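These numbers were taken from a predicted model, which means no experiment stands behind them. All heavy atoms count here, side chains included; hydrogens, waters and symmetry mates do not.
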Amino acid sequence: MPELPEVEVVRRGVHQHVAGRTVAEVEVLHPRSVRRHLAGSVDFAAQLVGRTFTGVGRRGKYLWLDLDEVVPGGDAVLAHLGMSGQILVQPPGTPDEKHLRVRFRFADEGPELRFVDQRTFGGLALAELTGSFGVLVPEPVAHIALDPLDSGYDPDRVVAALRRRRTGIKRALLDQTLVSGIGNIYADEALWRARLHWARPTATLPRAAAGDLLSAATEVMTEALGEGGTSFDALYVNVNGESGYFDRSLNVYGKEGQPCQRCGAPIRRDAFMNRSSFSCPACQPRPRNAHF
DNA sequence: ACCGTGGCCTGACAGC
DNA sequence: TGCTGTCAGGCCACGG
């Protein structure tokens, strides 16, 4: 979290506000927020001055700002929001946010682009473009699988790859090299819709059930995007700082003890991978051969 | 090659 | 009140 719908909301906002604008100054206020840049944050800033953002791409939870021409060997500013990252568009002179990490000022002296991140799990990077699934993406994104909203996404291929795994179904859903964009919230929601327990082994999952699960994941993320994403608090916002409304539509995530919307059984919460899994004990019974 | 775990981070909150 | 412990969890490095 933020997961695919929230990142797509941000991508659209960034594109609307910065496409065609030329960078005048970059201020890095926290070194950890600039990643994979051996020459350091000062060099990162210097390399961007005078360059023009031409578009904003996304794959899974990564997004990137294209710089000038999109050509092999070109580069882009890659961003990952991590747990608490925000990209905000703010008029110059707006007081700095408490966790402002990187500021972009533009030659037109219009609104700034600000990377704000409380926990610094996210970050920015200047990355070279390389080919992946037939398109150019920043090199650190090359190994990330296509997401369900990508035009090249092929659910049959994901089903086949998923059934070759020897692990639990939720662990597989969260593996960004299998299918990208799904995090803890939408994994739990998709599993509930498909009536599957999170520890169900991938290896014995029928092809149709795997297909239904991926369809459910696509549906729930598409619906969430239509609501502007999911927000529990002020951390998950669009570029104008506004929250989405999909949290009202969640069926299991964060609903421990509340009645299942299908059968009324109280939603249970299990510890899993140092986090929580929410599910309905009646609709999603624990399998005998559970894979933890 | 595949699979699973630990570390990175800070703020909100519960309990004493 | 102020302290401590727990939780939130995506990604990557690393070990088996």
K.L.:
Pick base, sugar-phosphate or nothing for His143(A), based on heavy-atom distances below 4.0 Å to the nucleic acid.
P.N.:
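It contacts sugar-phosphate atoms only.
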K.L.:
Distance check needed: dC3(B) C1' versus Leu174(A) CG, whole Å only.
P.N.:
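Taking CG of Leu174(A) and C1' of dC3(B), I get 14 Å after rounding.
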K.L.:
Mind checking if Arg269(A) touches a base, just sugar-phosphate, or nothing, with heavy atoms under 4.0 Å?
P.N.:
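The residue Arg269(A) makes sugar-phosphate contact but no base contact.
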K.L.:
Can you measure Leu178(A) atom CG to dG4(B) atom P for me and round it to whole angstrom units?
P.N.:
13 Å
K.L.:
Examine dC11(C): is either OP1 or OP2 under 4.0 Å from a nitrogen or oxygen in the side chain of Arg35(A)? Give yes or no.
P.N.:
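No, because none of the side-chain N or O atoms of Arg35(A) sits under 4.0 Å from OP1 or OP2 of dC11(C).
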K.L.:
Checking all strands, does Tyr62(A) fall into the base, sugar-phosphate, or nothing category for heavy-atom contacts under 4.0 angstrom?
P.N.:
sugar-phosphate
K.L.:
In terms of the angle between their ring planes, are Phe53(A) and Phe104(A) parallel, tilted or perpendicular, with boundaries placed at 30° and 60°?
P.N.:
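If you compare the ring of Phe53(A) with that of Phe104(A), the planes turn out perpendicular.
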K.L.:
Looking at dG4(B), I'd like to know if its phosphate oxygens (OP1 or OP2) sit under 4.0 Å from a side-chain N or O belonging to Arg171(A).
P.N.:
yes
K.L.:
Can you identify which nucleotide, out of dC11(C), dG11(B), dC12(C), has its nearest atom closest to the Gln176(A) side chain?
P.N.:
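Per side-chain heavy atoms of Gln176(A), the pick is dC11(C).
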K.L.:
Hey, are Asp147(A) and Lys61(A) close enough for a salt bridge, meaning a charged N less than 4.0 Å from a carboxylate O?
P.N.:
no
K.L.:
Let me know the distance between CG of Leu78(A) and P of dG10(C), rounded to the nearest Å.
P.N.:
17 Å
K.L.:
The side chain of Arg275(A) lies closest to which of these nucleotides: dC12(C), dG4(B), dG10(C)?
P.N.:
dG10(C)
K.L.:
Using a strict threshold of under 4.0 Å (side-chain N to carboxylate O), is an ion pair present between Arg103(A) and Asp96(A)?
P.N.:
yes
K.L.:
Once side-chain contact (heavy atoms from CB on, under 4.5 Å) is applied, do any residues pair with Arg12(A), and if so which ones, sequence neighbours excluded?
P.N.:
Glu8(A), Leu225(A)
K.L.:
To the closest 0.5 Å, what do you measure between CD (Glu27(A)) and CZ (Arg105(A))?
P.N.:
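Those atoms lie 5.0 Å apart.
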K.L.:
Without decimals, in angstroms, what is the distance between Met273(A) CE and dG6(B) P?
P.N.:
12 Å
K.L.:
Could you give the NE2-to-C1' distance, from His99(A) to dC9(B), as a whole number of Å?
P.N.:
11 Å
K.L.:
Compare the minimum distances between each of dG11(B), dG10(C), dC9(B) and the side chain of Arg119(A), then state the nucleotide with the smallest one.
P.N.:
dC9(B)
K.L.:
Between Thr120(A) and Thr167(A), which is nearer to the 5' end of DNA chain B once each is assigned its nearest nucleotide?
P.N.:
Thr167(A)
K.L.:
Of the candidate nucleotides dC11(C), dG4(B), dC8(B), which contains the atom at the shortest distance from the side chain of Arg32(A)?
P.N.:
dC8(B)
K.L.:
Closest heavy-atom contact between Ala107(A) and Ala24(A)?
P.N.:
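Closest pair (atom of Ala107(A), atom of Ala24(A), distance): N-CB, 3.5 Å.
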K.L.:
Side-chain N or O of His291(A) versus OP1/OP2 of dC3(B): is the shortest distance under 4.0 Å?
P.N.:
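Result: no.
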K.L.:
Starting from P on dG4(B), measure out to CG on Asp175(A) and report it in whole angstrom.
P.N.:
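Between P of dG4(B) and CG of Asp175(A): 10 Å.
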K.L.:
Taking only N and O in the side chain of Lys98(A), is any of them less than 4.0 Å away from OP1 or OP2 of dG11(B)?
P.N.:
yes
K.L.:
Five pairs per end, C1' atoms only: what is the angle between the end axes of the helix from dC2(B)-dG16(C) to dC16(B)-dG2(C), to 10 degrees?
P.N.:
50°
K.L.:
Search all heavy atoms of Leu100(A) against all heavy atoms of Leu29(A) and return the closest pair with its distance.
P.N.:
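Looks like O-CB, 3.7 Å.
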K.L.:
Tell me: CG of Asp117(A) to P of dC11(C), nearest whole Å?
P.N.:
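My rounded result for the distance is 13 Å.
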K.L.:
Of the listed nucleotides (dC3(B), dG11(B), dG6(B)), which one gets closest to any side-chain atom of Arg165(A)?
P.N.:
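When the side chain of Arg165(A) is considered, dC3(B) is the closest of dC3(B), dG11(B), dG6(B).
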K.L.:
Do the charged groups of Asp188(A) and Arg275(A) touch, with an N to O distance under 4.0 Å?
P.N.:
no
K.L.:
For Asn184(A) and dC7(C), what is the distance between atoms CG and C1' respectively, to the nearest whole Å?
P.N.:
12 Å
K.L.:
Looking only at the side chain of Ser276(A) (C-beta and beyond, no hydrogens), which of the listed nucleotides dC11(C), dA8(C), dG6(B) gets closest?
P.N.:
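Taking heavy atoms from C-beta onward, the closest nucleotide is dA8(C).
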